[in-house]
Chemist: 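Once you've had a glance at the structure underneath, I'll fire off some questions.
These numbers come from the heavy atoms of this one structure, side chains and all, not from hydrogens, waters or symmetry mates. Whatever order the structure lists ligands and atoms in, that order sets their numbers, starting from 1.
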Amino acid sequence: MVGLGWWLFGPDFLVLVVVDELKLIFFAFLLGFSVAGNSKGCVISCSSSNGKEPESTESNGIKKTAEEKRRAELSAKIASGAFTVENSGVPSFLRDGLSKLGIQSRFLESLFRWNAGRELLPKVPEAKGAISAIRSEAFFIPLYELFITYGGIFRLTFGPKSFLIVSDPAIAKHILRDNAKAYSKGILAEILDFVMGKGLIPADGEIWRVRRRAIVPALHMKYVAAMINLFGQATDRLCKKLDAAASDGEDVEMESLFSRLTLDIIGKALFNYDFDSLTNDAGIVEAVYTVLREAEDRSIAPIPVWEIPIWKDISPRQRKVAAALKLINNTLDELITICKRMVDEEELQFHEEYMNEQDPSILHFLLASGDDVSSKQLRDDLMTMLIAGHETSAAVLTWTFYLLSQNPDVMAKLQDEVDSILGDRFPTIEDMKRLKYTTRVINESLRLYPQPPVLIRRSMEDDVLDKYPIKRGEDIFISVWNLHRSPTNWIDADKFNPERWPLDGPNPNETNQNFSYLPFGGGPRKCVGDMFATFENITAVAMLVRQFNFQLALGAPPVGLTTGATIHTTQGLNMTVTRRARPPIVPILETSTQLADSAAKVEPILGQTGQVIPAR
Ligand code: HEM
């Protein structure tokens, strides 16, 4: 999924290439709240649950002290009101001035009557950006400090433009669910247009409604159950790779391996295509990564040079992106054609849980359903889901393994559960319900590292948030990071504590946590792949920890965080992987028929609307 995280930051200057006023303002914002290029992200100090920090060398220690000092200075500045904007407004200032000059109050009253109603309306607390004070870390971290001072909604002002930062569950619920129709995806749609077009994430209005209605049924329970087999096979390939590294005593960079694992999975799941990116780096895999990198870079670039007409023809980089997009589009067109042929030749009896055993992909479902859609729209949807379903899951796995490496007690408990429930088998749909602690570990990882950390909206009409009236056209960032780490919502908010979620309670979601927990968003635009992703993550975590122990590699760079579409590490997650001292594991693959049969017997574990569980 894509979020404000897209917008990282460039150097501390603003070059005035006016392509679009709003985008420039955004760039100004980003420049202000900039961060962390790959080399200068913060050392994570907010994530460790048991007081253990990532392994640190002497220089890491120095960096960390500087970081803590910088953060303390920022907190002190915020607390002293250095960011606060006085809300007195011009009319009251003028009125006071005229009154001091001796103008009669009766006259002043009639003069200023036009403004009386407006002045009485409460104003959103306002903070102004101070570029130098809040540079050099992932943007959502300074937003947290501002939230602690200014509260669940505040306005962040840069020059003529401002942004509303929302960190309050009730306001988030209003925007995402109760009055969702009044909000669009705003600038997100503009930035992602080159790659996602009118795909489900950026689309708004009627296109979104029609496509959502077509796509959601494709992710039915029988399909997701069949996918567990695929998750198992792909993870098994990763296990083999790790096993070889363990034999050779080589450290591994897990973030990129997780990215490849989830790319392989989503390619098969969406359009029955095997990227085989765990072993293959060229051609289409390279093209996918070129496009992904471009999407991230566009979101952080200080100048939208790609919008200058001639640029895309002369810039080697833009030509490479165009060639990559062409290759992907051609491949998708080919896959669509092959799939159409398959559907034509099939004795089709389409029904609610329709699934083709040879090709259970979402594309096959959509074509078999008779979905009346252009190839371009289909491509946009597939591309959107490819990115949405790939980056997010990879990030969840990355941060889960980081957290596990910092919390050996949790790891031990997790391995006990996996050993007793899975043994040496491949996971099945029934296991998804039984692997309760594994699920809680992932729930908790998603709380501390929400993917994406911020959701973006734009108001399409005037509205009232909390007690504050807001105008049409407001750009709003709902900080899931703040919601998930708010001291009012959570006890020991920064602590990694899977035990906070009772094993016998419902699976935590936005509904039963009353919008203080939004791992998959909420309301009509909630993630369509939540169950798919949860089962994918459970399968991968369970199979990996069953076979290996994971530790941060000795001498590896500290694990810093930065933002792209999701929360990335600054320099990778370098780990030493060792085989667990257990009898050798010989996975037994179950057939898809068995899986499909068993799917019918298992209730979904997601989307339960149990009673509200107070945050713990
Ligand atoms: C752990 C993995 C995942 C996480 C954390 C995640 C998170 C999210 C979130 C937070 C949203 C809401 C965005 C917003 O309101 O602005 C979202 C939307 C979406 N997600 Fe996911 N997602 C994940 C996996 C997937 C997968 C596997 C797929 C596809 C199979 C997918 C497809 C989508 C789509 C299409 C939307 C847009 C829905 C709409 O606007 O109607 N996601 N996701």
Chemist: At a non-hydrogen distance cut-off of under 4.0 Å, which region of V396 contacts ligand 1 (side chain, backbone, both, or neither)?
Modeler: side chain
Chemist: Determine whether the side chain, the backbone, both or neither of P519 has a heavy atom under 4.0 Å from any heavy atom of ligand 1.
Modeler: backbone
Chemist: Is there a donor-acceptor pair under 3.5 Å between the side chain of S486 and the backbone N or O of N482?
Modeler: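 Side chain of S486 to backbone of N482: no pair is present.
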Chemist: Within ligand 1, which atoms have a heavy atom of K185 less than 4.0 Å away?
Modeler: 14 (C), 16 (O), 40 (O)
Chemist: Who gets closest to atom 16 (O) of ligand 1 by heavy atom: K526, E391, R457?
Modeler: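 Considering heavy atoms of K526, E391, R457, the nearest to atom 16 (O) of ligand 1 sits in R457.
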Chemist: Regarding ligand 1, does E536 bring an N or O atom to under 3.5 Å of one of the ligand's N or O atoms?
Modeler: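 No, there is no polar N/O contact under 3.5 Å.
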Chemist: With a 4.5 Å heavy-atom cut-off, do L164 and Y468 have their side chains touching?
Modeler: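 When only atoms from C-beta onward are counted, Y468 and L164 do not touch, as no gap falls below 4.5 Å.
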Chemist: Under 4.0 Å, counting heavy atoms only: does I201 come that close to any atom of ligand 1?
Modeler: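 Yes; I201 lies near enough to ligand 1 that a heavy-atom distance drops under 4.0 Å.
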Chemist: Using only heavy-atom distances, determine whether the side chains of S445 and T400 contain a donor-acceptor pair under 3.5 Å.
Modeler: yes
Chemist: Under 3.5 Å between any N/O of S393 and any N/O of ligand 1: does that happen in this structure?
Modeler: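 Not met; the criterion fails.
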Chemist: Are the aromatic ring centres of W501 and Y517 under 6.0 angstrom apart?
Modeler: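 Yes - the distance between ring centres of W501 and Y517 falls below the 6.0 Å cut-off.
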Chemist: Might you work through the side chain to side chain contact (heavy atoms under 4.5 Å, CB included) test for R440 and E499, ending with a clear yes or no?
Modeler: CA-CA 7 Å; R440 296 295 174 256; E499 278 72 15; over 6 Å; no
Chemist: At a non-hydrogen distance cut-off of under 4.0 Å, which region of F520 contacts ligand 1 (side chain, backbone, both, or neither)?
Modeler: both
Chemist: List every atom of ligand 1 that sits less than 4.0 Å from any heavy atom of W208, numbering the atoms from 1 in the order shown and giving each element.
Modeler: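 Counting atoms of ligand 1 from 1, those under 4.0 Å from W208 are 39 (C), 40 (O), 41 (O).
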Chemist: Counting from 1, what ligand 1 atoms have a heavy atom of A533 closer than 4.0 Å?
Modeler: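 Those atoms are 1 (C), 2 (C), 24 (C).
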Chemist: Would you say N537 touches ligand 1, if touching means a heavy atom closer than 4.0 Å?
Modeler: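 Distance cut 4.0 Å: N537 passes for ligand 1.
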Chemist: Examine ligand 1 and decide if any of its atoms is less than 4.0 Å from a heavy atom belonging to H390.
Modeler: no
Chemist: Donor-acceptor pair, distance only, cut-off 3.5 Å: does the side chain of Q451 make one with the backbone of I567?
Modeler: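 Side chain of Q451 to backbone of I567: a pair is present.
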Chemist: Can you figure out which of A388, A394, G521 has its heavy atom closest to atom 32 (C) of ligand 1?
Modeler: A388
Chemist: From atom 39 (C) of ligand 1, work out which of M385, M227, R212, M196 has a heavy atom at the shortest distance.
Modeler: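 It is R212 that holds the nearest heavy atom.
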Chemist: Is it true that Y289 and E294 share a donor-acceptor pair across their side chains at a distance under 3.5 Å?
Modeler: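 E294 vs Y289: no donor-acceptor pair found between side chains.
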Chemist: May I ask you to check whether F231 and F532 place their ring centers less than 6.0 Å from one another?
Modeler: yes
Chemist: Is it the case that E391 and S259 place a side-chain donor and acceptor less than 3.5 Å from each other?
Modeler: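 No, because no side-chain N or O of E391 sits under 3.5 Å from a partner of the opposite role on S259.
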Chemist: Using heavy-atom distances, let me know which of R209, Q451, M531 sits nearest atom 5 (C) of ligand 1.
Modeler: Q451
Chemist: Using the ring centroid of each side chain, check whether F365 and F350 are separated by less than 6.0 Å.
Modeler: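 Ring centres of F350 and F365 closer than 6.0 Å.
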Chemist: Have a look at ligand 1 and work out which part of C527, if any, has a heavy atom under 4.0 Å from it: side chain, backbone, both or neither.
Modeler: both
Chemist: Give the atoms of ligand 1, by number and element, whose distance to some non-hydrogen atom of F532 is under 4.0 Å.
Modeler: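 Those atoms are 27 (C).
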Chemist: Applying side chain to side chain donor-acceptor pair (under 3.5 Å) to S369 and D371, what does each step give before you reach the verdict?
Modeler: CA-CA 5 Å; S369 72; D371 187 18; 5.2 Å; no
